[in-house]
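Please read the structure below before turning to the comments.
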There are 2 protein chains.
Amino acid sequence: MIENPFYTDAVHQDFELISIGRLELEDGGVIPDLTLAVRTWGTLNEAKDNTILIPTWYSGTHQIWADAYVGEGHALDPSRYFIVCVNQIGNGLSTSPHNTTDESISMSRFPQVRIGDDVVAQEILLREHFGVETLALVVGGSMGAQQTYEWAVRFPHMVQRAAPIAGTAKNTPHDFLFTETLNEQIWSDPGWNGGEYTSNTEVVDGLRRHAHLWATMGFSTEFWKQEKWAALGFDSKEAFLEGFLEPYFTAMDPNDLLAMAWKWQRGDVSRHTDGDLAAALGRITAKMFVMPISEDMFFPVRDCAAEQALVPGSELRVIEDVHGHLGLFAVDPGFVPQVDAALAELLDTRVSR
Amino acid sequence: MIENPFYTDAVHQDFELISIGRLELEDGGVIPDLTLAVRTWGTLNEAKDNTILIPTWYSGTHQIWADAYVGEGHALDPSRYFIVCVNQIGNGLSTSPHNTTDESISMSRFPQVRIGDDVVAQEILLREHFGVETLALVVGGSMGAQQTYEWAVRFPHMVQRAAPIAGTAKNTPHDFLFTETLNEQIWSDPGWNGGEYTSNTEVVDGLRRHAHLWATMGFSTEFWKQEKWAALGFDSKEAFLEGFLEPYFTAMDPNDLLAMAWKWQRGDVSRHTDGDLAAALGRITAKMFVMPISEDMFFPVRDCAAEQALVPGSELRVIEDVHGHLGLFAVDPGFVPQVDAALAELLDTRVSR
């Protein structure tokens, strides 16, 4: 276990740690006592049908949802919905390589976790801890979108509506390779030491390079050309790197990022259907809005639209944002209103079961 | 000086080494005896107006032009034109960090060279060595496009036609950052040793990571999705990386790549006009076809079209290719025919001076 101030209440507020016990993983490993970090808003109604589930993205936690997406005036409104944001396994708040006290799975010994393992764990959490067996909506961005698709395919009877934002049901080969270049920045830092460093600060060079890759693929060419960083209070692109992306990623734990990356690279709902993506997506009964971001460099609209075409009754709702994939940070004032409009419409859609 | 088998006749055929003497550089450095590696085809006519100049791209040499673009049946036809391909300074064949015997500029002591320095050197070469003062066409891809723009702005009276392919007149901030991530792969390899390695093989890990970044930005998302590598004889994306991109870049010299990258990052014709890009491009009198590649991830059509709109009388000719930027390798059978068609039309365009 490593102390890391990023993964504390000072940065991440108002979450509970809930144990769901032993989880056997798809790839053969075991997490003997899985603790999920959970943030909730609002109250479960008597009919137990007003729950919205939010799974988190790579490097993300519940905090960005608290800061930008959830609240009165948003579609994700705690006065109407019981909103549950579950931090993904390995994200540094839920059980992760750096924070587990179980030596059998700490650091370099952390087992391989898949998107499906997260969804199985979330289902146990919702049913056993909250008594929830129906989801009014599952919504997530990026790796959260992967989990959203997995929910809709794996537990179709539970999911009434679903909104995968800026992510895919089956990870693309380009994304696999991009993610691998992120990993290589960490692996190539001598301080990483095969995953057995004593502080994330020993891997700061690798984490900084990792941040720089996000600069060129996470934001769009047009973000940089239009100098959108200026609106965020920076006076040069270099200052933006040093003041925004570098501190964001260098604060994190390298093994946690690697655990999430392994999962991201292998997200694929067609594992349920012997590789037949159309068959997997054809299982979906949720009303689905597929919501790519217009300038996303690595989850391009084209890839998302191709999957959307395979989901019965689904609709494509493109979010316009020159920020690209990291538009998910909700830094453009136009971003969240688009998300809200789509989610409000989706939530108002009657579903018959 | 370092021996590197990649930069020899075994790999690069039929070039001459031509000294143009001392070159004082824009940024204050000096190359005491600049040798340019030059490949020519065809014969200069009596009017001395049938010369086509080809500057080279990052990591590239004259060889790709010999292999894919120049020859009978192509627009770049040696039976009609005197074609001169000049390897850029620092590319490993012309004077470069790894190959100079001048200790004052070898390896980490190599001076900073700009696109303008290359163009000045090429003008001296053409005039003094070949007696050429008029160019029927300047054509180049990527960094060759940067040099093409520089030619058209710096020496407008000499350039009758110009075709920048997959490149820009002013490097974009996104491209600067992307190039920096390429550099970081080299800098972060302990074997690089501040530029004072004794063999490029000591930097093979960094060069391999560098190759992987080209995989995700040099090719397009669609290249990977459509598994275009299969048509090149590979049976997986991993085999393609190991058999194509990795050997290509790991054969090269790290300092040479860094010298070219520094130049690429700072290419900007508006240096002639106090930063006014419209004024610089407004100087161009050459008939210009601006030729971006449809799926280019880092020289997107949008960026090229914006510059084209500033060049008097120019035309935009988009090359359709899902390979993206590295379509320049001419691996898609549809690529060179599109280049040929555009260049043939351009060469047939009457120009009045």
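By convention in this document, chain letters (A, B, ...) are assigned in the order of the sequence lines, proteins followed by strands, and residues within each chain are numbered from 1. Just so you know, these numbers use all the heavy atoms, side chains as well, and skip hydrogens, waters and symmetry mates. Please read these numbers as outputs of a predicted model, since none were measured by experiment.
Remark: Arg266(B) is positioned above the aromatic ring of Trp262(B), its terminal NZ or CZ atom under 6.0 angstrom from the ring centre and at most 45 degrees off the axis.
No other option in Thr181(B), Asp205(B), Leu177(B), Leu213(B) has as many heavy-atom pairs under 4.5 Å with chain A as Leu177(B). Contact tally against chain B (heavy-atom pairs below 4.5 Å) for Arg208(A), Met217(A), Glu180(A), Glu238(A): the top residue is Met217(A).
Residue Thr172(B) does not touch chain A at all, counting heavy-atom pairs closer than 4.5 Å. Contacts between Gln185(A) and chain B at a heavy-atom distance below 4.5 Å involve the side chain alone, from C-beta outward. Interface remark: Asp189(B) contributes no atoms to any contact with chain A (heavy atom separation under 4.5 Å). If you measure heavy-atom distances from Asp303(A) to chain B, the contacts under 4.5 Å come from both the backbone and the side chain. At a 4.5 Å heavy-atom cutoff, the contact between Lys237(A) and chain B is made by side-chain atoms alone. Using a 4.5 Å cut-off between heavy atoms, Phe223(B) does not touch chain A at all. Heavy-atom distances place no part of Ala211(B) under 4.5 Å from chain A, backbone and side chain included.
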- May I have the step-by-step check of side-chain hydrogen bond (donor to acceptor under 3.5 Å, both in side chains) for Thr168(B) and Tyr149(B), ending in yes or no? CA-CA 8 Å; Thr168(B) 48; Tyr149(B) 272 115; over 6 Å; no
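No hydrogens or angles considered: a donor-acceptor pair under 3.5 Å links the side chains of His212(B) and Glu246(B). Of the N and O atoms on the side chains of Asn255(A) and His98(A), not one donor lies less than 3.5 Å from an acceptor on the other residue.
Between Phe249(B) and Trp214(B), the distance from one ring center to the other falls under 6.0 angstrom. Checked against the 6.0 Å centroid threshold, Phe178(B) and Phe299(B) do not count as a close aromatic pair.
The shortest side-chain heavy-atom distance between Asn193(A) and Glu202(A) does not fall under the 4.5 Å cut-off.
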